[in-house]
Amino acid sequence: METRDKIIETAKEQFMRFGVRSVTMDDIARLAGISKKTIYQEFSDKNQLVFDTFSNALQDDIIRLEHLPKIKDGVIEHLVGLTNFIRQRFGDMNPMIMNEIQRYFPQCWQLFEDFKKDYVLKEIIELLEKGKEEGYFRMEINTEIIALMRMEQMMFIFDPIKFPPSKFNAVDLQLELFEHFLHGIFTEKGREAYLKQKNQYNENHN
DNA sequence: TACCGT
DNA sequence: AACGGT
């Protein structure tokens, strides 16, 4: 594996597990089995390592989301795929990460902001429009407002004052919000199709 | 690996 | 004191 990729993979693992601040450049060098000098030949500073690591992680997320059942091939199947994505994505994520990045790594935070605006929001809007066309979501919801609300609710669980990690875990929170969001926009047909699809999925995966 | 500055 | 950076 390329040195650069090895550094990024090591950093990704450590950042996800422990957050960005408590993982030192010495830790990453030691765990990657290289010297700090090698890291600084590939990355100008920690700021850039954090940026490149999460840039890489977001690209992986996009690829994984593209492998889910496509929105165009079935909104309901896609929804069940999304719940699985949520379980994986937030399951191994230290709850402090987003706050640390927002406070101490502003360029990386901007990367997340751009990702939300350019990718997440568009995906949600596509899902809402398709779901309305298919009669799964109520026609009267305002796509733009509800898409923005959905995106922000995914972010505010990272506020440790509102949602202390000691009391809530990220996966349970995200799944609870997702279910609540869906039941707020489902038609009767949508609700039934979703529950049926979820049961089918669970039967096949037990 | 040792070292310096913050 | 610990950690980024040389």
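Values in this document were obtained by computation on a predicted structure and should not be read as measured data. Numbered from 1 within each chain, the chains take letters A, B, ... in sequence-line order.
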Open item on the list: Check this for me: does the side-chain of A:K36 come within 3.5 Å of the base of C:dG5 through a donor and an acceptor?
Closed with: yes
If you look only at distance, which donor and acceptor atoms sit under 3.5 Å apart when one is on a side chain in residues 5-12 of chain A and the other is two or more places apart or in another chain?
| residue | atom | partner | partner atom | Å |
| --- | --- | --- | --- | --- |
| A:T10 | OG1 | A:K6 | O | 2.7 |
| A:K12 | NZ | A:N56 | OD1 | 2.7 |
| A:K12 | NZ | A:D60 | OD2 | 2.8 |

Open item on the list: Taking atom CZ as the centre, does A:R64 end up with more than 12 heavy-atom neighbours from other residues, nucleotides or ligands that are less than 6.0 angstrom away?
Closed with: yes
- [ ] Please work out whether the ring planes of A:Y119 and A:F115 are parallel, tilted or perpendicular, with thresholds of 30° and 60°.
- [x] parallel
Open item on the list: Please give me every residue in residues 12-35 of chain A whose heavy atoms get under 4.0 Å of an atom in DNA chain C, ordered by residue number.
Closed with: A:V23, A:T24, A:M25
Open item on the list: Could you measure the distance from the CD1 atom of A:I185 to the OH atom of A:Y136? Nearest 0.5 Å is fine.
Closed with: 13.5 Å
- [ ] Round to a whole Å and report the spacing from NZ of A:K46 to C1' of C:dT6.
- [x] 17 Å
Task: A:K189, NZ: over 12 other non-hydrogen atoms inside 6.0 angstrom - done: yes
Task: Interatomic distance where CG belongs to A:D45 and P belongs to C:dT6 [whole Å] - done: 8 Å
Task: A:R138 with A:E140: basic N within carboxylate O range, under 4.0 Å - done: yes
Open item on the list: Rounding to an integer number of Å, can you tell me how far A:Y40 OH sits from B:dT1 C1'?
Closed with: 15 Å
TODO: Rounded to the nearest angstrom, tell me the gap between atom CD in A:Q48 and atom P in C:dG5.
DONE: 11 Å
- [ ] Find the distance A:L49:CG to C:dC3:P and express it as a whole number of Å.
- [x] 16 Å
